[in-house]
Participant: 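Below you will find the structure I want to go over with you.
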Amino acid sequence: MAAELTSIKLNPESHLILDQPLLRLPHELARRNFKTVQRSVEREKEYVLPALKEAANASLSNTQTPDQTLAALDAMISRMQGLKRKMQSLQEEEKEIQTQSRKRIQHLETLHKIPSLADVKYDQWSRVRLDRLLVDHMLRSGYSESAKQLAKDQEIEDLVDLGVFTQCQRVVESLRRGETKEALQWCGENKAALKRSQHNLEFELRLQQYIEMVRTKDLSKKVEAISHARKYLSLNPESQKDEVNQVAGLLVFTQDSRSEKYKSLFSSDRWRYLADLFVQTHHELLSLPSQPLLHIALSAGLSALKTPLCHSAYTSSSSNSQSTSTSVCPICSTELNELARRMPYAHHSKSYVESDAIVLPNGRVYGKSRLLQMSKNVGSVEAGQVKDPTTGEIFSESEMKKVYIM
């Protein structure tokens, strides 16, 4: 009884390992929001304070007319009103992030109030988590509208990252269409954070702009491309010097060049590469997992359940109509069997093999007493014979061999 209670006891900490991004993303968004507020205030402060001092001094020294002084004050007031509107917008965004964080914390706190895996509340919580994982997978796969509808139907909008992934998908689609404007705008908004990124996204986007200018074969465009390269490409770190020298050669090469390194630069596959690079950079900046959470959950679950028997050459009892046993093993199911084939086997520190284990000629291992009793209950075998409950094969008791566990 004690062992049974231990096996169904809920360990919230092990469940929350998968749900770390649930709280990490709102934290990253709140931090970015604060940094934006800080930069906006500093920028306006650097403009307004000197302008105010200059206007006051000019007014006292009578070096400008009252109308000029009023115009200067109006300009400062206009700047402050603009800052106020921006602060109000950022405040609303901050409130949404706080609401989202509060609901996510409440969702995770619910898990700590559930005593066991057998509790009906755990089934309800697991259903919500499954819906979250499905929405996350659909958003990453580009099915934004379906994801929004599922989140709305299940009332989990605050538990999923609809806005973040929708924005990401919009930029990805623009890159696949051969446009860099939205991606560069995103780079401008996250310029400070991108300095710490291991991916040089902005350089690659500027490089693609250069390639498109050269591609046209228009002499004026090539002159523009040279100016573009001097402004955006030549100022990059020494580590990219070789790459800059290489792309300079594009000025004398065409799209049908036989040189592989120049041919690859002109290739349309670069747009797909840029889209993938943007996704990697976007997820890195927001501390998002590179893989869908559904894949991570499936990988962990499949690996925990997988045994060599799951990929045995013999047919699983779950797909054998002649079997007298019922298998609920997900690995043996036709849906997940191939998916789990490359996953590592589960590590079992405790053996559950029966003490009187025997092996049949087909290689399957059973407990001797349980096999004899099952064969007797079936009633379709003669005395001195046993029936394999999985394959339905019949063997003589003399063919059974004792198994010794090493």
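Remember, it's a predicted structure, so these values are computed and weren't measured experimentally. All heavy atoms count here, side chains included; hydrogens, waters and symmetry mates do not. Throughout, numbering of the chain's residues begins at 1 and tracks the sequence.
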Participant: Any Lys/Arg nitrogen of Asp276 or Arg272 sitting under 4.0 Å from an Asp/Glu carboxylate oxygen of the other?
Facilitator: no
Participant: List in chain and number order the residues that pass side chain to side chain contact (heavy atoms under 4.5 Å, CB included) with Leu201, two or more places apart in sequence or in another chain; answer none if no residue qualifies.
Facilitator: Trp186, Cys187, Leu205, Leu277, Phe278, Thr281
Participant: Sorted by first residue and then second, give each side-chain hydrogen bond (donor to acceptor under 3.5 Å, both in side chains) pair with at least one member in residues 286-297; sequence neighbours left out.
Facilitator: His137-His295
Participant: Residues in salt bridge (charged side-chain N to carboxylate O under 4.0 Å, His left out) with Arg177, at least two apart?
Facilitator: Glu179
Participant: Run the salt bridge (charged side-chain N to carboxylate O under 4.0 Å, His left out) test against Arg32 and tell me which residues pass, sequence neighbours left out.
Facilitator: none
Participant: Of the options His107, Arg104, Arg132, which is the one that meets Asp19 in a side chain to side chain donor-acceptor pair (under 3.5 Å)?
Facilitator: Arg132
Participant: In a table with atom names and distances, give each donor-acceptor pair under 3.5 Å that connects a side chain of residues 91-98 to protein atoms at least two apart or in another chain.
Facilitator:
| residue | atom | partner | partner atom | Å |
| --- | --- | --- | --- | --- |
| Glu94 | OE2 | Gln98 | NE2 | 3.4 |

Participant: What side-chain donor-acceptor pairs closer than 3.5 Å can you find for residues 166-174, not counting sequence neighbours?
Facilitator:
| residue | atom | partner | partner atom | Å |
| --- | --- | --- | --- | --- |
| Thr166 | OG1 | Leu162 | O | 2.6 |
| Arg170 | NE | Glu182 | OE1 | 3.4 |
| Ser174 | OG | Val171 | O | 2.6 |

Participant: Check salt bridge (charged side-chain N to carboxylate O under 4.0 Å, His left out) between Arg24 and all other residues, then give those that pass, not counting sequence neighbours.
Facilitator: none
Participant: Is the closest side-chain heavy-atom distance between Val160 and Asp131 below 4.5 Å?
Facilitator: no
Participant: If a pair satisfies salt bridge (charged side-chain N to carboxylate O under 4.0 Å, His left out) and one of its residues is in residues 35-51, list it, with sequence neighbours excluded.
Facilitator: Glu44-Arg79
Participant: Please identify each residue that fulfils side chain to side chain contact (heavy atoms under 4.5 Å, CB included) with Ala357, with sequence neighbours left out.
Facilitator: Val353, Val365, Val403
Participant: Does anything in residues 106-121 pair up under salt bridge (charged side-chain N to carboxylate O under 4.0 Å, His left out), and if so which pairs, sequence neighbours excluded?
Facilitator: none
Participant: Using the test salt bridge (charged side-chain N to carboxylate O under 4.0 Å, His left out), find all partners of Glu212 that sit at least two apart in sequence or belong to another chain.
Facilitator: Arg215
Participant: Roughly how far apart are Ile77 CD1 and Lys84 NZ, rounded to 0.5 Å?
Facilitator: 12.5 Å
Participant: Checking Ser303 side chain against Ala300 main chain: does a donor-acceptor pair fall under 3.5 Å?
Facilitator: no
Participant: Would you be so kind as to tabulate the donor-acceptor pairs closer than 3.5 Å made by side chains of residues 151-159, with sequence neighbours excluded?
Facilitator:
| residue | atom | partner | partner atom | Å |
| --- | --- | --- | --- | --- |
| Asp153 | OD1 | Gln149 | NE2 | 3.0 |
| Asp158 | OD2 | Lys103 | NZ | 2.9 |

Participant: Is there a side-chain contact between Trp271 and Arg176, using heavy atoms and a 4.5 Å cut-off?
Facilitator: no
